[in-house]
Structure formats: structure tokens, C-alpha cells
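First comes the structure, then the notes that go with it.
For the numbers below, each heavy atom of this structure counts, side chains included, while hydrogens, waters and symmetry mates do not. All ligand and atom numbering here is 1-based and tracks the order in the structure. Bear in mind the structure is a predicted one, so any value in this text is a computation, not a measurement.
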Amino acid sequence: MKRIAVLTSGGDSPGMNAALRAIAKLAAGQGLQVFGSLEGYDGLIDGRFRELTKVLSDGAVSVDIEVDVAGGQGGTLIGSARSARFRDAAGRAQAKVQLEKLGAEGLIVIGGNGSLTGAHLFAHEQGVKVMGIPGSIDNDIGCTSTSLGVDTALNTIVEACDRIADTARAHRRAFVVEVMGRDCGYLAMAGAIAMAADAVLIRESGKTEAQLVEDVRAVIKNGFARGKRRILIIKAEGVNVPCTRLVRLTEERMREELPTLEIRATVLGHVVRGGNPSYQDRHVAGRLGFGAVSALLGGFSDE
Ligand code: F6P
């Protein structure tokens, strides 16, 4: 084996670059060249690659300097995308042709559940050797306790909520803070525990809008009655009621019992997805990168 390819796919997550760096370093150490497919599976289908290693004049392989530097940064150096074309068998067949043209004998896919489902299909249908690295802030990937990016995202959530709590206490206010996670309530739940939040609202609980308003009302009423100055409610993105609507409905519902009540809504959005990876995400990226390269060299696929 002389060449392998790697791609990042789906929503980026902090730690993807750290994984690319680890893969490039470990592969280079084994004399392997690594090519990054630009913008996920789309780059694979189109044959758009960027080398993440370089061959020195004495034939040794080393890591590209930009890849080395990017290892400590958020986002992904080789871009990411959600490829519609890779969902079709024709797109996957074309991707195999491009890998063969490149001379790559293995592919590492870093991404979330949709991207890894695509990787699994690619390996079985096209007979390509594929290894997957779970990378998604959503933490919704099977058989994975903590995917790449989750630790950094949670640190960002905690930092943001600490700031919100400062201003909430100053004004004796309630806040509903929405965090990403698509349909999965993990970030909201783990963030709420770390913040000792007053409540967490997740899609998985299956509550109706009216039930959510009643729950939020009870939490706010009890909290202020106990003398609290900050009421923090963390809401997962997957809960189908927009933050501002939930706040408006709750204020209307409580107008008579707490006429001076002020609730504010903050949607953290993509702030949660950016930022330099934490120690844990870099560490895990290194280990998973090592595992993926070693597995391909050992002849494994789709494990
Ligand atoms: O899957 C990662 C994620 O950040 C989800 O939490 C979120 O629902 C989605 O991607 C947002 O996607 P986009 O960046 O395309 O708006």
C-alpha cells in the first residue's frame, strides 16, 4: 500500500483537523502518501484531491506543514459537504473510479452517522477498503460513546451558559438557551448537567408544545419562589418549538402570576460547532487516526 485517501463529511466538528494531522503523520511514518478529498464525497466523485503529505527528495514521506498547523484548529482544512450525488450508486461507482485513478488503496471517512452509513455502503457495494472515524458534535453515532467534537462543543456550551448566567442573575431573569444536536438531545442534556440548569428540553421526551410551556412555567415559578436569580433552561435544537415562540407563550401564560417576569431566548447555533479542539478531542483524534491507518495497513475494512 502506497497511497490512501481521507475525507471529512457532513457538519464539521472540532477535532477533524486533528484527525487529518494524525492520519498524515502516522501514514507518512509508514511511507504512505495521504490525499484529502476536497469537500467530502463530492470531491471524491469529481477527483478533487489535495495531498496532505509530501515526498521529499530522498523519497521519504513527510507531513504537509499546513496540515500540521491546522491540527490545532477547528473546522476542516479539506472542506466538508453533505453529498447528494454519493447517495446514488452511480456517484459511488464514479468515486471508486477516482480512487483507482489516484492509486489510493484505502479510504478513511471522518463524519457523522449519515457519512459513516455512506462509507459502509461504499465498502460493501464497491469493494473499497474503508475505515470510519466518528466525527460529529451531535453524538448520535451508534457504538460510539463520545464522537470527535463533542467535548469541545460542550466546553463552548458551558462557557456561553456561564456568561448568560452572569447577566441573568444581574437582572433576575429566566433564559431559554438552544443548543445544536439535530434530533439528538445529548448536547443539551450533558450541557444542562454541567451547568446545573433548572431544566432541559429534549425531543426524545416527546412532549407537546402545551406540555413544554407548562413545564417551563413550573420551573420558573418554583425557581424564583426559592429566591433564585437565574433560571436556566437548556433546549435541544430537535425540540420542534422555536425558542422565541416558547418564550412568548410562557410569558403570556404567566402574565398574571408574575407580571414583571422577563424571559430571554438565546440560540447558540453554529457557535457551538466552531473553535479549536479541546485536549480530549485532539487526544481522541490522534488515537482514532492511528487506529484507522493501522487497520488499513493491516488489510481491514469497514470494521
Ligand atoms: O450535524 C451537525 C449539525 O451541526 C447539527 O447539530 C445541526 O442540526 C446541523 O448540523 C446544522 O447544519 P448546517 O450547518 O447545514 O446548518
At the 4.0 Å heavy-atom cut-off, does Gly181 count as touching ligand 1?
yes
So Asp281 and Thr152, side chain to side chain donor-acceptor pair (under 3.5 Å) or not? Walk me through it.
CA-CA 7 Å; Asp281 277 326; Thr152 308; 2.5 Å; yes
Counting each atom of ligand 1 from 1 as listed, which ones have a heavy atom of His270 under 4.0 Å away?
13 (P), 14 (O), 16 (O)
Identify, for atom 5 (C) of ligand 1, the protein heavy atom at the shortest distance, and state residue, atom and that distance.
Asp138 OD1, 3.4 Å
Looking only at protein heavy atoms, identify the closest one to atom 15 (O) of ligand 1 and say how far it is in Å.
Arg82 NH1, 2.8 Å
among protein heavy atoms, the one nearest atom 11 (C) of ligand 1 is Arg273 NH1, 3.5 Å
Nearest-0.5 Å distance, CD1 of residue Ile137 to CG of residue Asn139
10.0 Å
Return the closest protein heavy atom for atom 9 (C) of ligand 1 as residue, atom name and distance.
Arg182 NH2, 3.6 Å
Backbone or side-chain N or O of Glu237 under 3.5 Å from ligand 1 N or O:
yes
To the closest 0.5 Å, what do you measure between CD1 (Ile4) and CD1 (Ile23)?
6.5 Å
Is a side-chain N or O of Arg229 found less than 3.5 angstrom from the main chain of Arg169, in a donor-acceptor match?
yes
Counting only heavy atoms not in Lys228, do more than 12 fall under 6.0 Å of its NZ?
yes
By the ring-ring contact (aromatic ring centres under 6.0 Å, His included) test, which pairs, at least two apart or in different chains, include something from residues 18-41?
Tyr41-Phe86
